[in-house]
Amino acid sequence: MKKIIGIGNALVDVMTIVPDETCLTRFGLPKGTMTMVDATRSGEIKQAINGLKRTLASGGSSGNTMYGLGVMGVHSSFIGKVGRDELGIFYEKDMVEAGVTPVLMRSKLSPTGTAVALVTPDSERTFATHLGAATELMAEELLAEYFKNYNILYLEGYLIFNLPLVEQACRLAKKNDMCVALDLASFNVVNDMRPAFDKIVNEYVDIIFANAEEARAFTGLGPVEALDEMSKRCEIAVVKTGADGSWIKRGDEVVKVEALKVNAIDTTGAGDLYAAGFLYGFSNGFGLDKCGLFGSILAGKVIEVIGARMPDEKWAEAKKLIREIAAE
């Protein structure tokens, strides 16, 4: 089994059930969206929801993927930066309990980043995100020893705003003969940082994950045409098309994977868990068809719950399905 290390913004997801939309209106948070807030506004929101029912989970895009890989039994690690606070301690503990080996830098200046999700009675989530210490991870903090004995580097596209960090991670990975996998993260990030993505993909990336919108932002093409274009620039290209499943291409091999038939409640974490399922299969030497199916299973199961964390019973269902497909 190949070993995987991920790098990303270490954020604690604070899922909070609110009785109505008063809090959203008070803080100018458009319902159903993600709004970036500063430390002051983040503190005000947390004060306003103090006492309401909430759950905490280690998160961030790459963090979600590595958490999933840990639960699936893959030897995995995660590099990120947190504050010297209770949430930073929680983040590390949550990762360790999932089977992930965290390598967490500690900021002396900023608190652990948070994504406060206000869940209204209709199950709609509205995020107020403060990146905090997560954005302070610097290229010089990445040491060669962190990459030793690992085979795959997984990067979230949100890191592209710190291009020196991404380049250093990729250089260290390639010196260690590692495969580099990148998730494009968000179509607006791709639109804003297209030249930087071009550079990283052309020079380092072996596996690229994108949803249809991200693929269009990156290539200007529809899903299938984008798949062809992206596959010319890396070893494996994956384009996720939601309820229509996903497309995977390596060389002349093209695979269409169907989505899992589920009762969709909340798509949070679907892309992150798809990557976890795919990389689980890839790290164990399965073909592209089964890698895609494993991705579809984890993505399908997580959208049946609110948030990016599945309860034990959902993980049990997912693992059972994966074992059955693996045995075919």
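- A donor-acceptor distance shorter than 3.5 angstrom exists from the side chain of T65 to the backbone of D272, with no hydrogens or angles considered.
- For K256, the side-chain hydrogen bond (donor to acceptor under 3.5 Å, both in side chains) test picks out no residue, with sequence neighbours left out.
- Contact annotation: the side chain of R106 never approaches that of K81 to less than 4.5 Å [non-hydrogen atoms, C-beta and beyond].
- The shortest side-chain heavy-atom distance between L172 and L142 falls under the 4.5 Å cut-off.
- Between R171 and E203 there is no salt bridge, since no side-chain nitrogen of the basic residue lies less than 4.0 Å from a carboxylate oxygen of the acidic one.
- Sequence neighbours left out, the pairs with a member in residues 148-204 that pass ring-ring contact (aromatic ring centres under 6.0 Å, His included) are H75-Y150.
- In this structure, the side chains of L153 and C179 stay at 4.5 Å or more apart for every pair of heavy atoms.
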Working for salt bridge (Lys or Arg N to Asp or Glu O under 4.0 Å), residues K290 and E328: CA-CA 10 Å; K290 289 189 177 179; E328 292 175 356; 5.4 Å; no
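- Looking at residues two or more places apart in sequence or on another chain, you find no salt bridge (charged side-chain N to carboxylate O under 4.0 Å, His left out) involving R26.
- For F147, there are no ring pair (Phe, Tyr, Trp, His ring centres under 6.0 Å) partners, not counting sequence neighbours.
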Can you give the donor-acceptor pairs under 3.5 Å from side chains of residues 236-246 to other protein atoms, not counting sequence neighbours?
residue	atom	partner	partner atom	Å
K240	NZ	D183	OD2	3.4
T241	OG1	G245	O	2.9
S246	OG	Y274	OH	2.8

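- Atom CD of E86 sits in a sparse spot, with 12 or fewer heavy atoms from other residues, nucleotides or ligands closer than 6.0 Å.
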Validation: residues 299-309 side-chain donor-acceptor distances under 3.5 Å, sequence neighbours left out:
residue	atom	partner	partner atom	Å
K301	NZ	E317	OE1	2.9
E304	OE1	K314	NZ	2.5
E304	OE2	N263	N	3.3
R309	NH1	N64	OD1	3.2
R309	NH2	S58	O	2.0
R309	NH2	S58	OG	3.1

Scan the side chains in residues 126-139 for donor-acceptor partners under 3.5 Å anywhere in the protein, sequence neighbours excluded, and list what turns up.
residue	atom	partner	partner atom	Å
T126	OG1	G32	N	2.9
T135	OG1	G132	O	3.2
E136	OE1	S107	OG	2.6
E136	OE2	S110	OG	2.4

Using residues 206-229 as the side-chain source, report each donor-acceptor pair under 3.5 Å to any protein atom, sequence neighbours left out, with the distance given to one decimal.
residue	atom	partner	partner atom	Å
D206	OD1	K174	NZ	3.4
D206	OD2	K174	NZ	2.6
D206	OD2	V180	N	2.8
N211	OD1	E213	N	3.1
N211	OD1	E214	N	2.8
N211	ND2	E214	OE2	3.2
E214	OE1	N211	N	2.9
E214	OE2	S186	N	3.3
T219	OG1	A215	O	2.8
T219	OG1	L221	N	3.1
D228	OD1	K249	NZ	2.8

Worked verdict on D122 versus T120 for side-chain hydrogen bond (donor to acceptor under 3.5 Å, both in side chains): CA-CA 5 Å; D122 58 2; T120 42; 2.6 Å; yes
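- For the pair K319 (side chain) and V71 (backbone), a donor-acceptor distance under 3.5 Å is present.
- Under the 4.5 Å side-chain criterion, counting only non-hydrogen atoms from C-beta, E156 is in contact with L159.
- Side-chain N or O atoms of N151 include one that pairs as donor or acceptor with a backbone N or O of K3 at under 3.5 Å.
- With N202 contributing its side chain and D198 its backbone, the two residues share a donor-acceptor pair below 3.5 Å.
- Scored by the side-chain hydrogen bond (donor to acceptor under 3.5 Å, both in side chains) test, E97 finds K93 as partners (sequence neighbours excluded).
- Nearest heavy-atom pair across V12 and L87 is CG2-O, 3.7 Å.
- Counting only residues at least two apart or in different chains, ring-ring contact (aromatic ring centres under 6.0 Å, His included) contacts with residues 282-328 comprise Y280-F294, F286-F294.
- D13 has its side chain out of reach of L56: every pair of non-hydrogen atoms, C-beta onward, lies at least 4.5 Å apart.
- When each of I5, L182, L165, I160 is tested with L155 by the rule side-chain contact (heavy atoms from CB on, under 4.5 Å), just one qualifies, namely L182.
- Side chains of T22 and D20: a donor on one and an acceptor on the other come within 3.5 Å.
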Atom pairs and distances, donor-acceptor, side-chain atoms in residues 43-55, under 3.5 Å, two or more places apart:
residue	atom	partner	partner atom	Å
E44	OE1	R41	NE	2.9
K46	NZ	S42	OG	3.2
K46	NZ	T114	OG1	2.9

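- A search for side-chain hydrogen bond (donor to acceptor under 3.5 Å, both in side chains) contacts involving E258 returns nothing, not counting sequence neighbours.
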